[in-house]
Structure formats: C-alpha cells, structure tokens
Trainee: 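This is the structure I want to talk about, given as structure tokens.
For reference, positions follow the sequence shown, starting with 1.
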Amino acid sequence: MRTSILRETSTPTRPPTRSTRYTLVREEPRIRAINAPATAGEWAISTSVVRWLALVAAVAAAAVLISYTLYVSGLTGGNAQAQLAAGVFSGPLFAVRLTLLGLAAIVLGLFVFRVADRAPVDRSWGLAALMATCLAGAFVAEVIGRFFHYAAMYRVGI
C-alpha cells in the first residue's frame, strides 16, 4: 500500500517523479466544497452583503456629488488661483464625470440593491453583469475625477 499524499491525475508519458500533473489528495474535498453551487443560506448572505454595499456606494456617491458642488462653489469665490482651478471643473468632460458617477453609483447601485433581493441563485449572472457595469462606470468616473483633481492643482508662490 502506498503512503504518498500525491495521486496521479493523468496518464503520464514519463516517470511520475517528473510529471507536473499531481493533485494533493487531502485538498480535493475542500476544492470540491469551494466549487460547489451556493446553498440557500450562502446565497442569502451574499445577496445581503451585495445589497448593503450597493446602498453604501450610492450614499457615498451622493456625498461626492454634493461635496463637488460645494467645493467648486467655494473655489469660484476664492482668489485668482482658486478661480483658475474652478475653471477646470467645467465643460463636457466634467459633465460626463458627474453623469457617470450618478448613473453608475447611484442609479445602478440602487437598482442592484433591489435586484439582489430577488435574484435566484441559478440565474446570478444577471446580478453579476449589473454589478460589473456599476464597477466599470464608477471606475471610469473615478479616473476622470483623478484627472480633474490633478488638473486643478495650481502652485501658489514658489
């Protein structure tokens, strides 16, 4: 009887000592458990987490939209450098950034909040696609926001 913890998973064409197609026998049950379909309890926990994350993201995006408004209005009433920086926060790219932020994080985020409660475990791809769309939109909006952040940096003094 062999006592090795390694088991051959394919028919080797060379001696087993050189084959790279080995699997740890004691790891197989854990791998099967990880790859198994979600149970009802696991799915309920997952959708609950997704719902709360979507809600928190929507609230944070609303706070960013409000703070942008206050920030730009504060810059317009400032000194010459502040007014120059405020000029950066205008134009079509800024409107695209705010629209993407509003759509991706707030509108779609709240839609994810509603859909996650009703999404069945066997058709979770729709929820995953909606979440990926939100992530992509928020990522693009954040990259544009970083552009505005660094474009508005004007030196005062030396």
Trainee: Do V56 and L108 share a hydrophobic cluster (ILVMFWY, side-chain heavy atoms under 4.5 Å, transitive)?
Mentor: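 V56 and L108: separate clusters.
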
Trainee: Closer than 3.5 angstrom, by distance alone: can the side chain of Q83 be matched with the main-chain N or O of G78 as a donor-acceptor pair?
Mentor: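 Confirmed, Q83 side chain pairs with G78 backbone.
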
Trainee: Is there a continuous path of hydrophobic side-chain contacts, each under 4.5 Å between heavy atoms, that joins L103 to L98?
Mentor: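 No, L103 and L98 fall in different hydrophobic clusters.
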
Trainee: Enumerate, atom names and distances included, each donor-acceptor pair closer than 3.5 Å involving a side-chain atom of residues 36-43, sequence neighbours excluded.
Mentor:
unit_1 : atom_1 : unit_2 : atom_2 : d
T39    : OG1    : E42    : N      : 3.3
E42    : OE1    : T39    : N      : 3.0
W43    : NE1    : A119   : O      : 2.8

Trainee: Which heavy atom of A138 sits nearest to which heavy atom of A104, and what is that distance?
Mentor: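 For A138 and A104, the tightest heavy-atom pair comes out as N-CB, 3.5 Å.
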
Trainee: Is V107 linked to V112 within one hydrophobic cluster, defined over Ile, Leu, Val, Met, Phe, Trp and Tyr using a side-chain heavy-atom separation of less than 4.5 Å?
Mentor: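 Shared cluster, no.
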
Trainee: Could you see if L53 belongs to whatever hydrophobic cluster contains L55? Use Ile, Leu, Val, Met, Phe, Trp, Tyr and a side-chain cutoff under 4.5 Å.
Mentor: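 No, separate clusters.
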
Trainee: R51 side chain to F113 main-chain N or O, any donor-acceptor pair under 3.5 Å?
Mentor: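 Judged by distance alone, yes, a pair lies under 3.5 Å.
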
Trainee: Any sub-3.5 Å donor-acceptor pair from R97's side-chain atoms to I144's backbone N or O?
Mentor: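 The answer is no, because no donor-acceptor pair under 3.5 Å joins these two groups.
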
Trainee: Say whether, by atom type as modelled, one donor and one acceptor occur between the side chain of S48 and the main chain of A44 under 3.5 angstrom.
Mentor: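 Checking the backbone N and O of A44 against the side chain of S48, no donor-acceptor pair under 3.5 Å is found.
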
Trainee: What distance separates L127 CG from D117 CG, expressed to the nearest 0.5 Å?
Mentor: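 The CG atom of D117 is 11.0 Å from CG of L127, to the nearest 0.5 Å.
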
Trainee: Each residue besides F139 in its hydrophobic cluster should be listed here, by chain and number; the cluster joins Ile, Leu, Val, Met, Phe, Trp and Tyr at side-chain heavy-atom distances under 4.5 Å.
Mentor: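 Its cluster partners, ordered by chain and number, are V143.
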
Trainee: Which of these, V64, V59, L101, L65, sits in a side-chain contact (heavy atoms from CB on, under 4.5 Å) with I106?
Mentor: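 Testing each of V64, V59, L101, L65 against I106, the sole residue satisfying side-chain contact (heavy atoms from CB on, under 4.5 Å) is L65.
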
Trainee: If you look at every heavy atom in A141 and L100, which pair is closest and at what distance?
Mentor: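 Nearest heavy atoms, A141 then L100: CB-CB, 3.8 Å.
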
Trainee: My understanding is that only residues two or more places apart in sequence, or in another chain, count here; which of them pass ring-ring contact (aromatic ring centres under 6.0 Å, His included) with F94?
Mentor: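 With neighbours one apart ignored, the set is Y68, F89, F148.
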
Trainee: Is there a path of hydrophobic side-chain contacts, each under 4.5 Å between heavy atoms, that joins F147 and V88?
Mentor: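 Shared cluster, yes.
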
Trainee: Rounded to the nearest 0.5 Å, how far apart are NE2 of H149 and CD of E142?
Mentor: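 Going from NE2 on H149 over to CD on E142, the span is 10.0 Å.
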
